[in-house]
Amino acid sequence: MQDMGNRLSLDFFLRDVLEVAPEILGKKLVRQFDDGHIEAYRITETEAYRGGDDLACHASKGRTPRTDVMFQEGGKVYVYLIYGMYWMLNFVTGPEGNASAVLIRGIEGCSGPGKVGRKLQLDKSFYGENLIRSSRIWIEEAEPVPNIQTAPRIGVDYAGPQWAGKLWRFYI
DNA sequence: CGCAAGATTGGC
DNA sequence: CCAATCTTGCGT
């Protein structure tokens with residue numbers, strides 16, 4: 001059995017995160033679990049984290065072991081553990097050196113980034129996973145979504161009003 | 001080496 | 001309102 005859909009290519013991710021984050025809405029997030037079965041989920045909510053200037057972005061603190069993948073070429077997975085129990089799923093965007101990523105906050109039938117990570121059974125091993133080549137997680141093309149909504153990002157007040165106020169959360 | 005805080009969630 | 005649970009970054 002092979003992919004039924006059309007997997008997104010590298011080019012899709014090599015753009016500004018503010019273009020990718022809203023455009024990824026509606027696309028299919030596909031996961032092949034350890035037992036071999038495959039499930040696809042429609043992406044419904046995202047947030048953009050944009051490089052070194054964005055104080056809400058982890059990469060604003062510099063290139064560390066944790067943020068390293070964000071500085072790499074787009075199309076890779078950035079996962080990190082928050083509050084000791086939730087794996088946050090992000091997709092790296094932009095060319096090498098541009099440390100940006102899209103946080104997946106919601107998929108169809110599952111609202112909240114912590115719940116997304118749990119549902120997809122993510123863990124540290126997904127750090128750096130290549131979405132173009134991976135056989136356990138990737139994204140497939142879908143019809144563009146009309147009427148995309150925007151709002152301030154959640155839980156980033158620590159970055160100050162300048163950044164917490166940006167309407168960089170996108171949802172259907 | 002110690003420690004505070006975190007892109008959250010669910011229960012009281 | 002607050003505990004759960006543990007990695008990370010930074011200060012001592």
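Chain letters run A, B, ... following the sequence lines, proteins first and then strands; every chain starts at 1.
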Chemist: How long is the straight-line distance from CD1 of A/Ile107 back to CZ of A/Arg42, given to the nearest 0.5 Å?
Modeler: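 Going from the CZ atom of A/Arg42 to the CD1 atom of A/Ile107 covers 12.0 Å.
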Chemist: Quick check against the 3.5 Å criterion: does A/Asn130 have a side-chain atom that pairs as donor or acceptor with the backbone of A/Lys76?
Modeler: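 No; zero donor-acceptor contacts below 3.5 Å.
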Chemist: Below 4.0 angstrom, which residues in residues 40-50 of chain A have at least one non-hydrogen atom near DNA chain B?
Modeler: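 Residues of residues 40-50 of chain A that come under 4.0 Å of DNA chain B are, in numerical order, A/Tyr49.
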Chemist: With heavy-atom distances below 4.5 Å as the criterion, would you say the side chains of A/Thr93 and A/Val102 are in contact?
Modeler: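 Side chain of A/Thr93 against side chain of A/Val102, heavy atoms only: contact under 4.5 Å found.
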Chemist: Do A/Tyr171 and A/Met88 land in one hydrophobic cluster if side-chain heavy atoms of ILVMFWY residues count as linked below 4.5 Å?
Modeler: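 Looking at the clustering, A/Met88 is in a separate group from A/Tyr171.
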Chemist: Using a 3.5 Å distance criterion without hydrogens, assess whether the side chain of A/Thr44 forms a donor-acceptor pair with backbone atoms of A/Gly106.
Modeler: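 At least one qualifying donor-acceptor pair exists.
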Chemist: Between A/Thr46 and A/Ile104, is a side-chain contact (heavy atoms from CB on, under 4.5 Å) present by the stated rule, with each step listed?
Modeler: CA-CA 5 Å; A/Thr46 64; A/Ile104 304 303; 4.1 Å; yes
Chemist: Enumerate the residue pairs fulfilling salt bridge (Lys or Arg N to Asp or Glu O under 4.0 Å) with a member in residues 118-134 of chain A, sequence neighbours excluded, ordered by first and then second residue.
Modeler: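 Qualifying pairs, neighbours excluded: A/Glu129-A/Arg136.
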Chemist: When you look for runs of 3 or more Watson-Crick or G-U pairs in a row, both distances below 3.5 Å, which of them include DNA chain C?
Modeler: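 DNA chain C stems, ordered by first number: B:1-6 with C:6-11, B:8-11 with C:1-4.
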Chemist: A/Val145 and A/Phe91: same hydrophobic cluster, using ILVMFWY side-chain contacts below 4.5 Å?
Modeler: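 A/Val145 and A/Phe91: one cluster.
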Chemist: By the side chain to side chain donor-acceptor pair (under 3.5 Å) test, which pairs, at least two apart or in different chains, include something from residues 12-32 of chain A?
Modeler: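 Matches after skipping sequence neighbours: A/Arg15-A/Glu19, A/Arg15-A/Glu23, A/Asp16-A/Arg50, A/Lys27-A/Glu141.
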Chemist: Please name all residues satisfying ring pair (Phe, Tyr, Trp, His ring centres under 6.0 Å) with A/Phe71, sequence neighbours left out, ordered by chain then number.
Modeler: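 Per chain and number, A/Phe71 pairs via ring pair (Phe, Tyr, Trp, His ring centres under 6.0 Å) with no residue.
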Chemist: Short question: side chain of A/Thr67, backbone of A/Gly62 - any donor-acceptor pair under 3.5 Å?
Modeler: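 Judged by distance alone, yes, a pair lies under 3.5 Å.
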Chemist: Going by side chain to side chain donor-acceptor pair (under 3.5 Å), name the pairs with one or both residues in residues 144-165 of chain A, residues two or more places apart or in two chains.
Modeler: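 Matches after skipping sequence neighbours: A/Asp54-A/Arg153.
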Chemist: Tell me which residues in residues 89-107 of chain A lie within less than 4.0 Å of DNA chain B, going by non-hydrogen atoms.
Modeler: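 DNA chain B contact set from residues 89-107 of chain A: A/Asn90, A/Leu103, A/Arg105.
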Chemist: Quick check for you: name the first and last nucleotides of DNA chain B, 5' to 3', having an atom under 4.0 Å from a heavy atom of chain A.
Modeler: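 So the contact region on DNA chain B extends B/dG6 to B/dG10.
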Chemist: Go through the structure and list residues passing ring pair (Phe, Tyr, Trp, His ring centres under 6.0 Å) with A/Phe170, not counting sequence neighbours.
Modeler: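 Residues passing ring pair (Phe, Tyr, Trp, His ring centres under 6.0 Å) with A/Phe170: none at all.
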Chemist: Is there side-chain contact between A/Val116 and A/Tyr41, with heavy atoms separated by less than 4.5 Å?
Modeler: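 A side-chain contact is absent here, since even the closest heavy-atom pair is not under 4.5 Å.
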Chemist: For DNA chain C, find the residues of residues 161-170 of chain A with a heavy-atom distance under 4.0 Å and give them by number; none if there aren't any.
Modeler: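 Those residues: none at all.
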Chemist: Can you confirm whether or not the ring centre of A/His58 sits under 6.0 Å from the ring centre of A/Tyr49?
Modeler: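 No; A/Tyr49 has its ring centre 6.0 Å or more from that of A/His58.
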Chemist: What pairs meet the salt bridge (Lys or Arg N to Asp or Glu O under 4.0 Å) rule with one or both residues in residues 66-75 of chain A, with sequence neighbours excluded?
Modeler: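 Of all non-adjacent pairs touching residues 66-75 of chain A, those that pass salt bridge (Lys or Arg N to Asp or Glu O under 4.0 Å) are A/Arg63-A/Asp68.
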Chemist: Sugar-phosphate means primed atoms, P, OP1 and OP2; the rest is base. With that split, encode nucleotides 3-12 of chain C 5' to 3' as B, S or - using protein heavy atoms under 4.0 Å.
Modeler: -BBBSSS---
Chemist: Grouping I, L, V, M, F, W and Y whenever their side-chain heavy atoms are under 4.5 Å apart, do A/Ile154 and A/Leu167 come out in a common cluster?
Modeler: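 No; A/Leu167 is not reachable from A/Ile154 via cluster members.
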